[in-house]
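Computed from a predicted model, the values in this text were never measured in an experiment. Computation of the quantities below employed the complete heavy-atom set of this structure, encompassing side-chain atoms and omitting hydrogens, waters and symmetry-equivalent molecules.
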Amino acid sequence: MEYVGIGIIAIVVILIITSIKVVPQAHAYVIERLGAFQTSWSVGLHIKIPLIDKVARRVSLKEQVLDFPPQPVITKDNVTMRIDTVVYYQITDPKAYAYGIVNPLSAIENLTATTLRNIIGDLELDETLTSRELINTKMRSILDEATDPWGIKVNRVELKNIIPPAEIQDAMERQMKAERGRREAILRAEGEKKSAILVAEGKKESSILEAEAQKAAAILRAEAKKEAAIREAEGEAEAILKVQTATAEGIKKINESKPSSQVISIKSLEAFAKAADGKATKIIIPSEIQGLAGLAKSVVEIAKDDKVN
């Protein structure tokens, strides 16, 4: 009997220990009592009734990711392509998630495939390739509304890859190469245009500067010539003034000395001799000077005789 009591006590202790449950962060436990839903446990320490309550499902409340394989879809212009999607979802109601649908993940995958086919069927190929954001928004809205009764919230849907047929890819690559070639040609033409403009502007500025330099040089040369002419004219005027002054002084001295008529005649004769300078063949002598010729000859003879003696 003693061993039986010990065994019963051990069983009770085990049942009590197994009845204590700790729910970790970002998790929830769905509790059933006698097969019926009882409650949902959140984070913390909980105790269930042994043999009556049980943890029916452990649910993670973290955001999760579903990456579906590529799905074949047909566009509005009858182009078949393959698209794979990524769905980000989060469980918000553990009870609805546990009892709303048998296989929630498979249901989301099938719903994503049908929704994607419906949306792509209304778009042409070019629209499909350029409307990722529109497709993502529509799919998220439809999936979120459809999965709400299952306790699931769809936060985001992304088109991971859009794979068109091989011939479409080749055509797109050729089109892309042609577009790149066109852009390259445009950029090269614009570069050449800018270069030509810069060269022309450089030549223009150089011509302007050269013309301005020539103009400045011509102005300087003209001013130099003008200054030289002014200086030359001033020099000539000063020379003339000095000659006239000297002449006037000479006349003044002559007048002050009161020369006789004979001296004046002799000076006149010397002036005529200097004027002839041995080059004139004929000299016209005024009558008042002719009378002095004999006098001059006599003076010369007397001078010779004095030298001989």
Side-chain angles (χ1 to χ4, degrees), residues 124-127 129-134 162 168-290 292-293 296 299-300 303:
E124 295 184 354
L125 174 62
D126 293 339
E127 293 176 331
L129 298 175
T130 58
S131 304
R132 284 176 177 259
E133 190 64 30
L134 176 63
I162 299 177
I168 299 296
Q169 292 185 20
D170 293 339
M172 291 171 61
E173 289 179 0
R174 290 194 297 270
Q175 182 180 1
M176 187 179 299
K177 289 181 179 178
E179 180 66 18
R180 288 176 180 172
R182 185 181 68 84
R183 291 179 181 177
E184 181 182 0
I186 292 174
L187 291 175
R188 186 183 300 110
E190 289 180 352
E192 292 176 354
K193 176 182 176 182
K194 290 181 180 179
S195 176
I197 291 174
L198 291 175
V199 171
E201 290 179 351
K203 290 182 178 179
K204 177 183 176 182
E205 292 180 0
S206 177
S207 300
I208 292 173
L209 293 175
E210 184 178 358
E212 290 179 351
Q214 292 178 357
K215 176 182 177 182
I219 292 172
L220 291 175
R221 286 195 298 270
E223 290 180 351
K225 289 182 179 179
K226 175 183 176 182
E227 185 69 20
I230 291 173
R231 295 294 177 84
E232 184 178 358
E234 289 177 351
E236 292 179 354
E238 186 177 356
I240 293 171
L241 179 61
K242 288 183 177 181
V243 170
Q244 295 296 330
T245 301
T247 303
E249 288 293 332
I251 295 172
K252 181 179 179 182
K253 295 293 184 181
I254 291 171
N255 291 331
E256 290 177 352
S257 62
K258 297 180 180 181
S260 61
S261 59
Q262 287 83 1
V263 173
I264 293 174
S265 299
I266 291 172
K267 291 293 183 181
S268 299
L269 183 61
E270 291 176 356
F272 273 100
K274 289 181 180 180
D277 197 19
K279 296 179 181 180
T281 57
K282 185 182 293 185
I283 298 177
I284 301 173
I285 299 174
S287 59
E288 61 270 14
I289 298 177
Q290 290 178 2
L292 295 174
V299 172
V300 172

Visitor: Scan the side chains in residues 218-225 for donor-acceptor partners under 3.5 Å anywhere in the protein, sequence neighbours excluded, and list what turns up.
Guide:
none

Visitor: Quick one: list whatever passes side chain to side chain contact (heavy atoms under 4.5 Å, CB included) with E173, sequence neighbours left out.
Guide: D170
Visitor: Taking L241's backbone N and O only, do any of them form a donor-acceptor pair with T245's side chain (distance below 3.5 Å, no angle check)?
Guide: yes
Visitor: Please enumerate all residues that pass side chain to side chain contact (heavy atoms under 4.5 Å, CB included) together with I208, with sequence neighbours excluded.
Guide: K204, E212
Visitor: For residues 177-197, which side-chain donor-acceptor pairs fall under 3.5 Å, sequence neighbours excluded?
Guide:
| unit_1 | atom_1 | unit_2 | atom_2 | d |
| --- | --- | --- | --- | --- |
| E179 | OE1 | R182 | NE | 3.4 |
| E179 | OE2 | R182 | NH2 | 2.5 |
| E179 | OE2 | R183 | NE | 3.2 |
| E184 | OE2 | R188 | NH2 | 2.9 |

Visitor: For residues 230-240, run the donor-acceptor check on the side chains, cut-off 3.5 Å, and write out each pair with its distance to 0.1 Å, sequence neighbours left out.
Guide:
| unit_1 | atom_1 | unit_2 | atom_2 | d |
| --- | --- | --- | --- | --- |
| R231 | NE | E227 | OE2 | 3.0 |
| R231 | NH2 | E227 | OE2 | 3.0 |

